[in-house]
There are 2 protein chains.
Amino acid sequence: MPAARKAPKKAARHTAAEPSPLAAEAFADLLKLDLQLCFAVYSTALAFNGVYKRLLDPLGLTYPQYLVMLVLWERDGVSVKEIGRLLHLDSGTLTPLLKRLEAAGLLQRSRDRADERQLQVTLTAQGRTLRERAQTVPLGIGSACGLQAGELLALRDQLLALRQRLDTAAE
Amino acid sequence: MPAARKAPKKAARHTAAEPSPLAAEAFADLLKLDLQLCFAVYSTALAFNGVYKRLLDPLGLTYPQYLVMLVLWERDGVSVKEIGRLLHLDSGTLTPLLKRLEAAGLLQRSRDRADERQLQVTLTAQGRTLRERAQTVPLGIGSACGLQAGELLALRDQLLALRQRLDTAAE
DNA sequence: AACAATTAGTTTGTACGCAATTTAATTTTT
DNA sequence: AAAAATTAAATTGCGTACAAACTAATTGTT
């Protein structure tokens with residue numbers, strides 16, 4: 001019995017005539033909850049970053065750099081646009097990040113012959129090798145989270161659904 | 001029919017004594033889930049930021065600045081340390097942020113008479129006035145989230161519990 | 001073919017976020 | 001009371017994030 005998905009509990013929209021003080025109060029509480037949810041997401045992201053820092057410092061990577069390496073380990077020779085699409089980051093963020101990874105000797109940036117506008121991002125031998133040293137990272141994150149598979153899955157999916165709505169709202 | 005997505009499965013790392021290939025595989029999947037959860041949190045935080053930007057730009061605030069204002073609207077005359085404790089931010093982040101809010105005429109920074117090490121952050125009249133213009137922000141966030149009270153509450157609490165574990169893990 | 005529109009990436013400028021160091025004030029120890 | 005330790009902010013340095021403006025390559029339109 002999955003509880004009517006559209007039950008309009010929200011008492012929403014009563015700009016004009018207020019139904020009752022009680023409903024207005026409940027509505028205000030709901031609004032506060034939204035803010036609190038956002039803050040929970042925000043501060044959890046910062047906390048994750050703190051854990052990742054400890055795990056990634058030995059590899060010389062930041063978390064966003066690690067994300068880029070994950071993309072490349074999965075599929076080498078990607079364009080900046082594709083990386084941005086996968087990670088929800090724009091080229092203004094990625095260009096300097098990729099240059100740092102190139103300077104660190106982990107990847108190479110070269111223009112696509114077929115379309116010179118595009119940049120082909122390819123791993124170097126060193127970049128491929130780093131993958132092995134990075135094997136322990138998920139273990140460290142897993143133990144820091146300390147959640148069961150079910151919880152993990154549910155939380156991830158709720159967040160992704162939320163992100164979708166937020167992206168839509170931001171047009 | 002595009003290649004069974006879960007076919008090759010990777011046969012993850014058999015470094016020490018693995019109980020069984022099946023268990024090892026399930027374990028590897030779990031590790032991947034942790035990474036995905038982190039990415040979900042990370043990208044949802046960025047998406048929230050995008051929505052907030054639209055709502056806060058007219059007020060001339062960023063999201064972290066809005067958080068500081070929320071603290072001050074609730075309890076004026078706080079120290080930097082207290083703001084940092086509430087928002088999980090350190091003085092290296094807050095000092096320049098507060099200076100910007102001061103330059104914008106929203107607050108005043110002055111040393112505590114009783115303890116000159118501490119800074120008293122107090123709202124100006126303009127800072128207090130801004131509160132009214134900010135009344136519509138929660139409404140905008142609420143509609144962008146589009147969640148019901150129960151979901152909101154559950155998600156918030158799961159995230160806060162997770163953050164607690166992450167903070168502990170990071171010592 | 002010529003020119004406009006689009007696209008991919010880069011650059012510039014602003015604002016976090018945090019580690020590490022520094023400065024100044026207060027507290028603790030001796 | 002003097003010296004040592006602690007504390008609160010500020011400063012410095014590095015790496016995101018993203019808007020806006022810019023450059024160069026490709027596509028489309030006439």
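Proteins get letters first, then strands, A, B, ... in listed order; numbering begins at 1 in each.
If you find the closest nucleotide of DNA chain C to Ala114(B) and to Pro96(A), the one lying nearer the 5' end belongs to Pro96(A). Between Thr93(A) and Asp112(A), the one whose closest nucleotide on DNA chain D sits nearer the 5' end is Thr93(A).
Listed pair Ser79(B) / dA9(D) meets the phosphate criterion, a side-chain N or O lying under 4.0 Å from OP1 or OP2. OP1 or OP2 of dT11(D) has at least one side-chain nitrogen or oxygen of Lys99(B) nearer than 4.0 Å. The phosphate of dT10(C) has OP1 or OP2 within less than 4.0 Å of a side-chain N or O from Arg109(A). Residue Tyr42(B) places at least one side-chain N or O closer than 4.0 Å to OP1 or OP2 of dA17(D). Within the structure, a side-chain polar atom (N or O) of Thr95(B) is placed less than 4.0 Å from OP1 or OP2 of dA10(D). One finds no side-chain N or O of Arg113(B) lying less than 4.0 angstrom from the OP1 or OP2 phosphate oxygen of dA25(C). In this model, the phosphate group of dC16(C) is approached by a side-chain N or O of Arg100(B) to a distance below 4.0 Å at OP1 or OP2.
Distance CD (Glu116(A)) to C1' (dT23(D)): 14 Å, rounded to an integer number of Å. Taking atom CZ of Arg54(A) as the reference point, atom P of dG17(C) lies 20 Å away to the nearest angstrom. The distance between atom OH of Tyr66(B) and atom C1' of dA15(C), rounded to the nearest whole Å, is 19 Å. Distance Asp57(B) CG to dA15(C) P: 11 Å, rounded to the nearest Å. Atom-to-atom, CD of Gln118(A) to C1' of dA25(D) comes out at 11 Å; the value is rounded to the nearest Å. Atom CG in Leu46(B) sits about 5 Å away from atom P in dC18(D), given to the nearest Å. If you take CG of Leu166(B) and C1' of dC18(C), they are 17 Å apart, rounded to a whole angstrom. To the nearest angstrom, C1' of dC16(C) lies 18 Å from CZ of Phe48(B).
When ring centroids are compared, Tyr63(B) and Tyr42(A) come within the 6.0 Å threshold.
Listed nucleotides dC16(C), dA10(D), dG15(D) differ in distance to Gln65(A); the shortest reach to its side chain belongs to dG15(D). Looking at the side chain of Lys81(B), the nearest of the listed nucleotides dA8(D), dG9(C), dT16(D) is dA8(D). Closest to the side chain of Leu119(A), from the set dC16(C), dG15(D), dG9(C), is dG9(C). Of the candidate nucleotides dT6(C), dG9(C), dT16(D), dT6(C) has the atom nearest to the side chain of Arg117(A). Comparing dC16(C), dA17(D), dC18(C) by their nearest atom to the side chain of Asp90(B) picks out dC18(C). Counting only heavy atoms from C-beta on, Leu89(B) has its side chain closest to dG17(C) among dT7(D), dG17(C), dG9(C).
When each of Val68(B), Leu72(B), Leu94(B) is tested with Val121(B) by the rule side chain to side chain contact (heavy atoms under 4.5 Å, CB included), just one qualifies, namely Leu72(B).
Arg85(B) has a carboxylate O that lies under 4.0 Å from a charged side-chain N of Glu82(B), or vice versa, which qualifies the two as a salt bridge. Of the charged side-chain nitrogens involved, none lies within less than 4.0 Å of a carboxylate oxygen, so that Glu116(B) and Arg111(B) do not count as a salt-bridged pair.
You'll find a donor-acceptor pair under 3.5 Å spanning the side chain of Ser91(B) and the base of dA10(D), going by distance alone.
Nucleic acid contact class of Leu97(B) (heavy atoms, under 4.0 Å, all strands): sugar-phosphate only.
No continuous path of ILVMFWY side-chain contacts below 4.5 Å connects Leu160(B) to Leu166(B), so the two sit in separate hydrophobic clusters.
Enclosure of atom CD in Glu74(B) is not indicated, since only 12 or fewer non-hydrogen atoms of other residues, nucleotides or ligands lie within 6.0 angstrom.
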